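Convention: sequence-line order gives letters A, B, ...; per-chain numbering from 1. It should be emphasised that the depicted structure is a prediction, and the values quoted were computed from it without experimental measurement. Heavy atoms only: backbone and side chains are in, while hydrogens, waters and symmetry mates are out.
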2 protein chains.
Amino acid sequence: MSSKFADRIARVQPSAIRDLLRYGDDPSITSFGGGYPDPALFPTAELQQVYADIFAKESATALQYTASAGLPGLRAQIAKRMANGGTPTDAEDVLVLQGAQQGLDLVAKLLIDPGDVIVTENPTFLGALIAFNPYQPEYAAVDIDEDGMDVDALEATLRSNGGVKFIYVIPDFQNPTGVTLSLERRQRIIELANEFDVLVLEDSPYRDLRFEGEQLPTLRSLDTEDRVIHLGSFSKILAPGVRMGWVSAEPAILEKLGLLKLAADTQSSTLNMTAVTRFLEGFDIDEHIARARVVYRQKRDLMVTTMNDAFPAEVAVTRPEGGLFTWVRFPEGFESAAFMVEHALPEARVAYVPGGTFFPTEERSNYARFSYSGQSDEAMVDALSRLGEILQTEM
Amino acid sequence: MSSKFADRIARVQPSAIRDLLRYGDDPSITSFGGGYPDPALFPTAELQQVYADIFAKESATALQYTASAGLPGLRAQIAKRMANGGTPTDAEDVLVLQGAQQGLDLVAKLLIDPGDVIVTENPTFLGALIAFNPYQPEYAAVDIDEDGMDVDALEATLRSNGGVKFIYVIPDFQNPTGVTLSLERRQRIIELANEFDVLVLEDSPYRDLRFEGEQLPTLRSLDTEDRVIHLGSFSKILAPGVRMGWVSAEPAILEKLGLLKLAADTQSSTLNMTAVTRFLEGFDIDEHIARARVVYRQKRDLMVTTMNDAFPAEVAVTRPEGGLFTWVRFPEGFESAAFMVEHALPEARVAYVPGGTFFPTEERSNYARFSYSGQSDEAMVDALSRLGEILQTEM
């Protein structure tokens, strides 16, 4: 490899996400790593029927190229869901994406020039950092507490950083902490965005997976100056394997994102877009989500209870109101990544996501993210008990 | 929209491709625009069975997240096809993509810094220019003749441009001209790439659609210094609606492309990857392609014959040895884009792709690309006859 390319290549760093996806394939390891929905919750019978019907009735169009913005019927269904959920949206306000991840990449491509300041929560979603990094931003990471981003700290950050392009926020059952941004802080973020002339990138793939408490309005629905770019996803409420997400934003931004989508991969899979459309038309996804909530709530309870029983008292475990993740805080000085490599994996056969990679600008080694969605009750209890024993011994 | 973002947004230009995809949806227009495979050639019954079997037997994995590089079984099948076609390839040399288009985007993201010089054929694939443009390259476009890129002109270009990152070439039934790069010139391009220390991006989605003549070795198979990045696609030999392509390159480049893929959209659709794998395992795709060749050859003959009969004598029509496109040259001064808007669409109800957008660095308004794959014989003859009448009248 010639040195002419080496510097650009060196900027692309290996990925903890990808390594984790690999652990999930090893059957001797109980992985709480990826945010893998429970396969038992996939609407398999319904999707089986949907695909069979597509092949019987509309294969010529479902297997062909189509408009890059997405099937009109799917855009309409997505808009309807958003409107029903309190965010008035029309079909032309929606661009279908290859998962919400593509939205992160396209927004970064559209908005980030090298050196631009991006405000994020601290910690934030690793996949977003991976999407943003190739465009070489500077991060200003704002601490979060049990109500989400510290908006006083946000204001100070906006004051001291002249060129912030956007604020990236995961307001509902944040990945990785499980925290939800309070209504008051949602309103304050909108006010600050208006005052400091910045955009807001709202990423909300877990929004529908609420177990208790009240659903809060999206930032997009509180938007008064068309600054919010909203990302949604079917991965956690339908199935990840169809790779279906969307973005909704004001027309000028959406138009440009559409052109960047065209450049990135021409279009999403016509077949899968057709299937998701027919599923939404023919079945009640909210009924399906309601069943999923019951299961995930029980999984959350089981994980939190087992951790509180099995882990040393100095380990703090969050109890999120929804979503798929528990955020665990070990004592200062604990190295969760090293611990996984040296003890959790070889001795307890347990994988989790070490928390360090979720912090954009600092080293914080004493956290870990656990997903409670992907394991049977028995496997979860066994694995967490094994891990608890190792922790008791080693800490 | 605040002015802070306007300059970046202004760099994303509207797209002739997207507009064309729209014309294809209007049933009153006969569009020779997009490179749409003939739906009658989709292996519909086989795919119907494949998807049904997946839902019956392996839905839990097919609907779940998977490794971002792609299903191992699919990578192996792709490698086997490449090896059988004369390009020795192992599964780990293959990264599954969201169509070859994603390969264009990821290679651009990896390699192009603003102002870098990219060598292309003149004309070249519009979708590649759309993929490259957001990364702000400078283009050095090298003329092509009936044997492909003029390699003497290429050498002169490499000599006079110090910082060429890569040469982008579509060696088999080029889009838009239908021309195939000769063996001698393939070898010369490899030699020049070695001499001038540049990479080669080989994009070959039509390679299997050969009607006559001998299959030529891929640039990747002639590569002596691991400089060739090879893109392939199932869109034209299976179906576009499953969005399945791949890239093969030397390990360091492939590793980085894999990380950029992860950042761009996490992974391709597990469901579609499973389906393509099972199709390749259970059916003979070459038998399927052989049938497609017969049909497309006949379509090519019909289009070329009808054009030669119906168009004015001053209009030159190419007869490609394979692929999906005819490249038409009108007399100097003819404006094919204006003609389509003013006459072809309203009067003849015919759409084609005006050739101007395929030229990266100059204005050439007297060309057009016609695809012969997507229309019935009757519709093709009627439409081309109508167009011929309008041309006779207006020229």
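With a threshold of 4.5 angstrom between heavy atoms, A:Ala60 approaches chain B through its backbone and through its side chain. If you measure heavy-atom distances from A:Leu47 to chain B, the contacts under 4.5 Å come from both the backbone and the side chain. A:Ala100 does not touch chain B: none of its heavy atoms, backbone or side chain, sits under 4.5 Å away. Contacts between A:Ser268 and chain B at a heavy-atom distance below 4.5 Å involve the backbone alone (N, CA, C, O). Interface remark: A:Ala62 contributes backbone atoms only to the contact with chain B (heavy atom separation under 4.5 Å).
A side-chain N or O of B:Arg227 and one of B:Asn194 form a donor-acceptor pair less than 3.5 Å apart. For the residue pair A:Gln375 / A:Asp38, no side-chain donor-acceptor distance below 3.5 Å is found, with atom types taken as modelled. The closest side-chain donor-acceptor pair between B:Asp265 and B:Gln102 falls under 3.5 angstrom.
Between chain A and the residues B:Met244, B:Gln98, B:Met273, B:Glu225, the most heavy-atom pairs under 4.5 angstrom are made by B:Gln98. Counting heavy-atom pairs under 4.5 Å between each of B:Ser269, B:Gly374, B:Gly103 and chain A puts B:Ser269 at the top. Per-residue heavy-atom pair counts under 4.5 Å with chain A were compared for B:Val242, B:Leu104, B:Asn272, and the maximum is reached by B:Asn272. For chain B, the option among A:Ser235, A:Pro37, A:Ala52, A:Gly99 with the highest count of heavy-atom pairs below 4.5 Å is A:Pro37. Across B:Ala40, B:Ala45, B:Ser59, the residue that shares the most heavy-atom pairs under 4.5 angstrom with chain A is B:Ser59. No other option in A:Ala239, A:Ala264, A:Ala131 has as many heavy-atom pairs under 4.5 Å with chain B as A:Ala264. No other option in A:Leu63, A:Leu97, A:Thr270, A:Leu238 has as many heavy-atom pairs under 4.5 Å with chain B as A:Leu63.
Pairing each heavy atom of B:Leu158 with each of B:Leu192, the nearest pair is CD1-CB, 3.9 Å. Of all non-hydrogen atoms in B:Leu129 and B:Thr357, the two that sit nearest each other are CD1-O, 3.7 Å. Contact detail for A:Gly35 and B:Tyr65: the closest heavy-atom pair is O-CE1, 3.5 Å.
Note: A:Phe132 and A:Phe166 have perpendicular aromatic rings, judged against thresholds of 30 and 60 degrees for the angle between ring planes.
We find that A:Asp105 and B:Lys109 are joined by a salt bridge, their nearest charged nitrogen and carboxylate oxygen being less than 4.0 Å apart.
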